[in-house]
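As the structure lists them, so they are numbered: ligands from 1, and atoms in each ligand from 1.
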Amino acid sequence: MGYKTREWRGSMRVTLDYNNMTEAALGDKGFSDKKLRSYAAKAKEAFDYVKENRGKDELYMGWTELPYNQDEIVADILATAKTVRKKFECFVVLGIGGSALGPIMAFNALCHLHYNDLPKYKRKGPKFYVEDNVDPVRMRDLLDVIDPTKTCFNVISKSGATSETMTQYLIILDLLQKAGVSVKDNVIFTTDAKKGNLKKISDELGGIKSYVLPDGVGGRFSQLCPVGLLPAAVLGIDIKGLLAGAAYMDGLCKTPTIGKNPALACAVLQIAAMEEGKNVGVMMPYSDNLKFLADWYCQLWAESLGKNVRLDGTPCNVGQTPVKSLGVTDQHSQVQLYTEGPYDKVVTFLSLKKYGCEMPIPHGCENIPDVAFLGGHTMEELIQAENAATAYALTKAGRLNYTLWIPELNAFTLGQLLFLFELQTAYAGAMLNIDTFNQPGVEEGKKATFALLGKAGYEEKKKELDQKGEKNEKYIV
Ligand code: PA5
């Protein structure tokens with residue numbers, strides 16, 4: 001890939017168009033220049049906070065340096081990926097949340113949409129699966145299509161204490177042992193360097209090949225470390241291109257001027273929208289390849305900003321509900337609501353300038369004008385027209401929307417998007433004055449699960465659950 005030349009990088013720059021957020025496009029439903037300018041001081045403070053704390057592990061800001069500090073790790077990952085691609089029929093990620101959504105997203109974004117169905121000579125690498133649930137049916141069905149002895153399992157867990165991932169690991173461990181296969185041959189861990197159970201397991205088993213999920217990198221910010229890079233490299237994705245794209249976007253976000261820093265501009269637009277009661281953030285890629293980028297973004301935005309306390313200890317209930325919507329598919333299901341329902345949403349379009357495949361629409365049905373007009377166009381023209389038409393319809397209806405334009409989808413532009421969203425989230429969290437990088441709200445459910453399954457130390461929690469769990473028949477119909 002030509003990301004080494006300045007000209008090529010410039011031609012691949014992801015740009016933000018927020019015309020449809022403004023008063024000029026939306027009248028009194030849009031933001032005036034004066035209103036946007038009123039965020040300048042707050043935006044500068046957020047920018048300074050992120051800048052000052054870059055790379056600080058204790059604040060979980062290590063992700064900011066991932067585009068720059070992984071040369072050796074990347075070389076190691078590429079060597080391992082080469083072996084895995086040759087040796088195994090399948091590659092299975094066992095992980096959940098931040099340890100799964102990144103690999104799923106990159107797979108879907110940069111591989112053939114029917115990758116696993118391609119013949120081996122076209123795929124060139126192993127079949128790929130990410131198991132991020134403990135639905136027993138899903139595990140059974142996976143085991144129906146893979147041969148564990150010919151599969152490389154990448155167990156990804158920072159803590160090594162996540163019930164879902166460790167359950168999957170126990171099942172695989174048992175299968176490998178029963179098949180007489182050494183765990184060392186078929187398993188790779190991605191985990192914390194020192195803490196955590198996977199480290200202990202690796203030591204007990206005499207050293208499983210392990211990659212480090214760095215201390216200062218939380219799950220949802222981990223796609224650009226070995227969590228995402230190893231699976232991507234196994235798939236043949238250009239991981240150096242991903243990192244170069246992230247670094248390029250970082251370079252575009254070096255100023256506190258809202259109109260010149262795309263990530264800061266997105267954060268300000270979203271915060272301004274939230275302050276006006278736009279509690280729903282719709283992420284709408286017009287690309288099947290980017291469908292799971294929307295999922296990845298939903299976790300990043302929801303887990304980072306959904307908080308009930310500010311950094312100064314004062315209570316709050318902030319955040320915006322992210323919703324995934326796929327263009328054009330969801331034009332036929334959700335767009336009616338977005339156009340005419342409550343004024344509580346802001347829509348982010350992810351729009352491709354080039355799909356890398358035009359797919360001409362042949363002529364035919366010449367006597368049926370409703371169909372004939374399509375002939376002679378391409379599917380690329382059609383999807384782009386529908387994207388423009390939806391943005392127009394939303395704007396006409398006074399609905400806030402903006403577009404991130406992607407020249408074409410490749411590792412470099414995907415890296416830009418990832419870093420833009422991560423920075424946007426960090427800026428937005430700083431503007432809300434919350435801890436963007438923790439997730440205490442997930443803990444209660446985890447503890448209740450431990451209690452229900454009889455984990456030692458959770459006896460009191462079990463009693464609490466038994467008392468609270470009593471059901472009143474009156475409310476069961
Ligand atoms: O973003 C996060 O921090 C979470 O989604 C975690 O990635 C998820 O809970 C899995 O945790 P672990 O990596 O410890 O297994």
Enquirer: Checking side-chain polar atoms at under 3.5 Å, does Glu422 have a donor or acceptor matched by the opposite partner on Tyr297?
Expert: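 Result is no, nothing qualifies.
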Enquirer: Just need the protein heavy atom nearest to atom 3 (O) of ligand 1, so name the residue and atom and give the distance.
Expert: Gly219 N, 3.5 Å
Enquirer: One thing to verify: whether Asp344 and Lys278 come together as a salt bridge, which I'm taking to mean a side-chain N less than 4.0 angstrom from a carboxylate O.
Expert: no
Enquirer: Would you mind checking which non-hydrogen protein atom is closest to atom 10 (C) of ligand 1, with the distance to 0.1 Å?
Expert: Ile96 O, 3.4 Å
Enquirer: In Å and rounded to the nearest 0.5 Å, what is the CZ to OG1 distance from Phe419 to Thr64?
Expert: 6.0 Å
Enquirer: Any side-chain donor-acceptor pair under 3.5 Å between Asn186 and Lys150?
Expert: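 Asn186 vs Lys150: no donor-acceptor pair found between side chains.
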Enquirer: Of all the atoms in ligand 1, which lie at a distance below 4.0 Å from a heavy atom belonging to Gly97?
Expert: 5 (O)
Enquirer: Is the distance between the ring centroids of Phe128 and Tyr115 under 6.0 Å?
Expert: no
Enquirer: Has ligand 1 got any nitrogen or oxygen that is less than 3.5 angstrom from a nitrogen or oxygen of Ser99?
Expert: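 N/O-N/O distance under 3.5 Å: yes.
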Enquirer: Which is closest to atom 4 (C) of ligand 1 in terms of heavy atoms, Met166, Glu303, Lys446, Gln439?
Expert: Glu303
Enquirer: May I ask you to list the atoms of ligand 1 that are less than 4.0 angstrom from any heavy atom of Ser157?
Expert: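 Those qualifying, in numeric order: 12 (P), 13 (O), 14 (O), 15 (O).
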Enquirer: Give the residue, atom name and distance (to 0.1 Å) of the protein heavy atom nearest atom 12 (P) of ligand 1.
Expert: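 Answer for atom 12 (P) of ligand 1: Thr162 OG1, 3.3 Å.
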Enquirer: Is there a heavy atom in Gln299 that sits closer than 4.0 Å to ligand 1?
Expert: yes
Enquirer: What protein heavy atom is closest to atom 6 (C) of ligand 1, reported as residue, atom name and distance in Å?
Expert: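 That would be Gly98 N, 3.9 Å.
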Enquirer: Roughly how far apart are Leu414 CG and Asp238 CG, rounded to 0.5 Å?
Expert: 11.0 Å
Enquirer: Ring centres of Tyr169 and Phe189 under 6.0 Å apart?
Expert: yes
Enquirer: Closest non-hydrogen protein atom to atom 13 (O) of ligand 1, residue and atom name please, with distance?
Expert: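 Looking only at protein heavy atoms, the one closest to atom 13 (O) of ligand 1 is Lys158 N, 2.8 Å.
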Enquirer: Report the nearest protein non-hydrogen atom to atom 14 (O) of ligand 1: residue, atom name, distance rounded to 0.1 Å.
Expert: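 Of the protein heavy atoms, Ser159 OG, 2.6 Å lies nearest.
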Enquirer: Can Lys42 be said to sit on top of Phe47's aromatic six-ring, NZ or CZ under 6.0 Å from centre and within 45° of the ring axis?
Expert: no
